Protein chains: 2
Amino acid sequence: MAERGVEPGARSSAGGGAGFELPLLLFAGFRSIIDELHRELAEHGHPDVRPAYGFALQAVGRDGATASEIGRRLGVSKQAAGKTVEKLEGLGYVERVDDPRDGRRKLVRLTARGIDVLVRSAEGFDRLRAEWVRVLGADRVRAMEADLRAMAPASAFRLDAAGWFND
Amino acid sequence: MAERGVEPGARSSAGGGAGFELPLLLFAGFRSIIDELHRELAEHGHPDVRPAYGFALQAVGRDGATASEIGRRLGVSKQAAGKTVEKLEGLGYVERVDDPRDGRRKLVRLTARGIDVLVRSAEGFDRLRAEWVRVLGADRVRAMEADLRAMAPASAFRLDAAGWFND
DNA sequence: TAATATCGACAACGTGATTGACGAAAAGGT
DNA sequence: ACCTTTTCGTCAATCACGTTGTCGATATTA
């Protein structure tokens, strides 16, 4: 068999679609949600948040974390995490404070602005999912989530999306 | 993007899951397919093909294309496309020939090896989709594809995935 | 013929990741 | 206590991959 460009047509029989469409559709769905969320964020005082930053802020978490820990959670080197934290700090989303109990550590903490963007993101994601429910119905959305959970191994269900494409 | 950890609970009312899970699940599904495909390709003589290269090879197509055209299809500059073509040429997946009818153009064409990787990719995608059908049932997979087609705007259904994340 | 547009290449640069090395500080074993 | 190992954050060099701008050569069009 083949696909798009190599053997156009010839497939998509009863099964539904050619195999190559499934990943494209999954990515398009992911991308449409992320794009729309960031469009909303940009309209509400957060024009500089990029997808990768959102993941990083997520990795900081409520209790704060060190750059090394953030790197581990994101699956990148501590150096790369440190640079990202610098940018986030420059944008006012996190602050770094010395850890009084460990002279080596500098704890990265979310600022009020950082919390705000995370709260707005959570609300935005919920709103976007509600839109999917409105169009498709709650059953179909639930079914999709359940099916994806069944097919996606835990190793793929992670926060280290950025930079993965060019591994 | 993101929230998770800032307002745990409080959500996920009747709908099913928290909103932030949907994009993560979509990405995880996409990623699991791409990862598995490239694992298979690596086992069958194509260890150097990376996701971005697959997209580029797809953009070359059966009839070949110029670097500029590939760039347009991929949504990147012609210079970037030219560099990618160089790598693909180094790996033996494409060849460049002068266009006798247009002294400016150099037509990029798939080599036998390039065709092979596309054919194997097509077969791999079909096999992977068949696996989803085996586990979930054909109806659910078809429903998922139809639902994603309904929710993903055409603008998101494109070949320019690489580098999008850090826009 | 002359003006405009396109192709492919080159150079310079930006960004975001990597590895390797380093000093400072903590933790652990003897 | 002391020495060793680990961890943290940072600096430096490098790589991968994209960008813009420029350029000569070639087509296309007015």
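Remember, it's a predicted structure, so these values are computed and weren't measured experimentally. In what follows, chains are A, B, ... by sequence order, proteins preceding strands, each numbered from 1.
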Next item on the list: Please test R120(A) against D116(A) for side chain to side chain contact (heavy atoms under 4.5 Å, CB included), starting from the C-alpha separation and ending with a verdict.
Entry: CA-CA 6 Å; R120(A) 284 183 194 277; D116(A) 182 65; 3.0 Å; yes
Check: Which residues pass the salt bridge (Lys or Arg N to Asp or Glu O under 4.0 Å) test with R149(A), sequence neighbours left out?
Finding: E21(B)
Check: Among all residues two or more places apart in sequence or in another chain, which pass the side chain to side chain donor-acceptor pair (under 3.5 Å) test with R134(A)?
Finding: E131(A)
Margin query: In this structure, how many angstroms lie between the P atom of dA17(C) and the CZ atom of R72(A), rounded?
Written below: 17 Å
Margin query: I'd like to check the side-chain contact (heavy atoms from CB on, under 4.5 Å) partners of R39(A); sequence neighbours left out, ordered by chain and number.
Written below: E36(A), E43(A)
Notebook entry, point to check: Any side-chain N or O of R96(B) less than 4.0 Å from the OP1 or OP2 oxygen of dA9(C)?
Noted result: yes
Item checked: Interface with DNA chain C, restricted to residues 101-109 of chain B and to heavy atoms under 4.0 Å -> R104(B), R105(B), K106(B)
Item checked: Residue list, side chain to side chain donor-acceptor pair (under 3.5 Å) with D102(B), at least two apart or on another chain -> R104(B)
Next item on the list: Whole angstrom is fine here: how far is it from CZ in R73(A) over to P in dC8(D)?
Entry: 12 Å
Checklist line | By side-chain contact (heavy atoms from CB on, under 4.5 Å) - contacts of D48(B) (at least two apart) | finding: L91(B)
Donor-acceptor pairs under 3.5 angstrom involving side-chain atoms of residues 79-90 of chain A: please list them, not counting sequence neighbours.
from, atom 1, to, atom 2, distance (Å)
T84(A), OG1, A80(A), O, 3.2
E89(A), OE1, R96(A), NE, 3.4
E89(A), OE1, R96(A), NH2, 2.9

Check: Rounded to the nearest Å, what distance is computed from the CD atom of residue E69(A) to the C1' atom of nucleotide dT6(D)?
Finding: 16 Å
Check: In whole Å, what is the span from the CD1 atom of I70(A) to the C1' atom of dG16(C)?
Finding: 16 Å
Next item on the list: By nearest nucleotide on DNA chain D, pick out whichever of D99(B) and A65(A) is the more 5' one.
Entry: A65(A)
Checklist line | Comparing P100(A) and S68(B) on DNA chain C - which has the more 5′ nearest nucleotide | finding: S68(B)
Show each protein N/O and nucleotides 20-23 of chain D N/O combination with a separation under 3.5 Å, one pair to a line.
from, atom 1, to, atom 2, distance (Å)
dG21(D), O6, Q79(B), NE2, 2.6

Next item on the list: Give me the residues of residues 81-91 of chain B where at least one heavy atom lies under 4.0 Å from an atom of DNA chain D, by number, or none.
Entry: K83(B), T84(B), K87(B)
Margin query: Using the side chain to side chain donor-acceptor pair (under 3.5 Å) criterion, which residues pair with E69(B)? Sequence neighbours excluded.
Written below: R72(B), R73(B)
Note to self: Restricting to side chain to side chain donor-acceptor pair (under 3.5 Å), what partner residues turn up for D98(A), sequence neighbours left out?
What the structure shows: none
Margin query: Can you list everything that forms a salt bridge (Lys or Arg N to Asp or Glu O under 4.0 Å) with R127(A)? Sequence neighbours excluded, please.
Written below: E40(A)
Item checked: Cation-pi check, R50(A) onto Y53(A) ring (under 6.0 Å, within 45° of axis) -> yes
